[in-house]
2 protein chains.
Amino acid sequence: MAGKKKDVIDISSSLPDIWRMLTDAEREILRSNARIVHFKKNELIYLEDDTPRELMCLFSGKVKIFKSGVGGRSQIIRIIRPIQYFGYRAYFARENYVTAAMAFESCAVCMIPMELIERFLRENGNLAFFFIQMLSVDLGIADQRVVNLTQKHVRGRLAESLLALKESYGLEEDGATINIYLAREDLASLSNMTTSNAIRTLSNFVNERIIAIDGRKIKIIDEERLHKISRMG
Amino acid sequence: MAGKKKDVIDISSSLPDIWRMLTDAEREILRSNARIVHFKKNELIYLEDDTPRELMCLFSGKVKIFKSGVGGRSQIIRIIRPIQYFGYRAYFARENYVTAAMAFESCAVCMIPMELIERFLRENGNLAFFFIQMLSVDLGIADQRVVNLTQKHVRGRLAESLLALKESYGLEEDGATINIYLAREDLASLSNMTTSNAIRTLSNFVNERIIAIDGRKIKIIDEERLHKISRMG
DNA sequence: GTATATTTGTGTTTTAGAACATAGTTCTAT
DNA sequence: ATAGAACTATGTTCTAAAACACAAATATAC
């Protein structure tokens, strides 16, 4: 019961965007239908071809959305940070998932039935517009990503990924180390290259004093150069 | 005046999806604010970094949405067929356009002020959901496209593009020729390859009796093999 | 209808990045 | 705490596709 109470508090205070837009009645319905699910590191949240049923909001932890491509080679499509929503696109498109989601590290995810969300947003223009905006922003990012991944060279793609990770998860207290603990393989599948190439290019960046590496921790030394490398391709 | 009348008729009968969802009052407002603009072959409809102001619906003709990538190399992001909407994403995301749009061939485009559309959809759940669905479908396609363009080889990418063109614009009366007149360069920038590679691979497909070529006209002879090549990468 | 520009086709060279191999290192589960 | 698995690192080889070069064929504009 204490646990239940805690969840309720989490939900109302941790869904700021959606919560703000609802009426009291809607909030009550949402409160009694939402649940919080915990995932361990590397645990799957949903699978490619699953049927989408719930809107998910990441409360804590880090999540990757990925696709298995040609010959099982997997590709990270986007990364989710706390208080971001995910898992809703396929439901709206009336499709099964075309991606899978996995916890990079242990996570708490709030799940809200999509039927509820659809019912609310058909009555609530602000909520509808909130989703329209999220989808529009994501579609713009996806369009940009197509060009970045296909036209930039490995150095440009890796530089871009490092900057994206910094953008999403921020820096540690030293103001330089990217706040994520990522295998080289994940860095590779985020940057569309082989693991060898990610390792090699990372080493080059270290030699050029653009970054410093301590195991999986990456410290950005010369962010300006990273930006330049990312821009130039 | 006769011309004006004609436009009005076109608008009500050619915007089936949106029209159906509006009230009579909304229809009246829309009718008096929509305009039809004609574009000649290769004319630009909007430019990268322009400010989006209008929802566009292609009434007739063919349109490409493209981005200029690294070193000016342009990449076709998607192609628009008649009765498809476009140009609205950036407005919803509160961004300028990140893509440009150009007429493949002479076009008639219906333009509706985006403010109007936003006002309507905030009041009209069905209209809002219509846009949510379009955006969701497009985002799914974009995610798929990232993997296709980065992981498939030239043959797979070209096969896929040919099938996509057939899907969008259909076949001519012979039931085999793709109903579009496209330069090799456009075919290349749709398939993310150089023009030389598009030409060469097209020739290979001809030698393998998968397609036949007459100038820019492409006839699909063995669609099954195209599908197979596209799937296999 | 002719001239000029653009597009198409093909051969050759070059190169970025994949594939492969192998050793050392670091996780992780029991 | 230790064994086994997974990850990291680096060198070497191989290959798909880009870059380049140049005819030939078509389009487009005047």
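Order of the sequence lines fixes the chain letters, A, B, ..., with proteins taken first and strands second; residue numbering starts at 1 for each chain.
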>> Is it true that B/T201 and B/N204 share a donor-acceptor pair across their side chains at a distance under 3.5 Å?
In response: no

> What nucleotide, of C/dT8, D/dT8, C/dC20, holds the atom closest to the side chain of B/A183?
Replying inline: C/dT8

> How many Å lie between CZ on A/R155 and P on C/dA16, as a whole number?
Replying inline: 12 Å

>> Under 4.0 Å between a side-chain nitrogen and a carboxylate oxygen: does that hold for A/E208 and A/R225?
In response: yes

> If you find the nucleotide of DNA chain C closest to B/E185 and the one closest to A/K41, which residue's nucleotide is nearer the 5' end?
Replying inline: B/E185

> How far apart are the closest heavy atoms of A/N96 and A/D49, and which atoms are they?
Replying inline: ND2-O, 3.3 Å

> Roughly, in whole Å, what's the span from NE2 in A/H153 to P in C/dT15?
Replying inline: 12 Å

> B/Y97 vs B/Y46 aromatic rings, parallel, tilted or perpendicular, using cut-offs 30° and 60°?
Replying inline: parallel

>> Nearest whole Å is fine: how far is C/dA18 P from A/L158 CG?
In response: 12 Å

> To the nearest angstrom, how far is A/R184 atom CZ from D/dT8 atom P?
Replying inline: 5 Å

>> Measure CZ/B/R73 against P/D/dA17 and give the value in whole Å, please.
In response: 12 Å

> Considering only heavy atoms, which members of residues 202-222 of chain B lie under 4.0 Å from some atom of DNA chain C?
Replying inline: B/S203, B/R216

> Are B/N197 and B/R157 linked by a side-chain donor-acceptor pair shorter than 3.5 Å?
Replying inline: no

> What integer distance in Å separates A/I199:CD1 from C/dA23:P?
Replying inline: 17 Å

>> Please determine whether a side-chain nitrogen or oxygen atom of B/T194 lies at a distance below 4.0 Å from atom OP1 or OP2 of D/dA18.
In response: yes

>> Whole angstroms only, please: what is the NZ-P distance between B/K40 and D/dT28?
In response: 14 Å

> For D/dT26, does either OP1 or OP2 sit under 4.0 Å from a side-chain N or O belonging to B/Y181?
Replying inline: no

> Rounded to the Å, how far apart are B/Q151 CD and C/dA18 P?
Replying inline: 10 Å

> Do A/S191 and A/E160 meet the criterion of a side-chain donor-acceptor pair at a distance under 3.5 Å?
Replying inline: no

> According to a strict under-4.0 Å criterion, is A/N197 in side-chain N/O contact with OP1 or OP2 of C/dA18?
Replying inline: yes

> Ion pair present between A/E172 and A/K219, side-chain N to carboxylate O less than 4.0 angstrom?
Replying inline: no

> Looking at C/dG17, does its base get a donor-acceptor pair with the side chain of A/R200 below 3.5 Å?
Replying inline: no

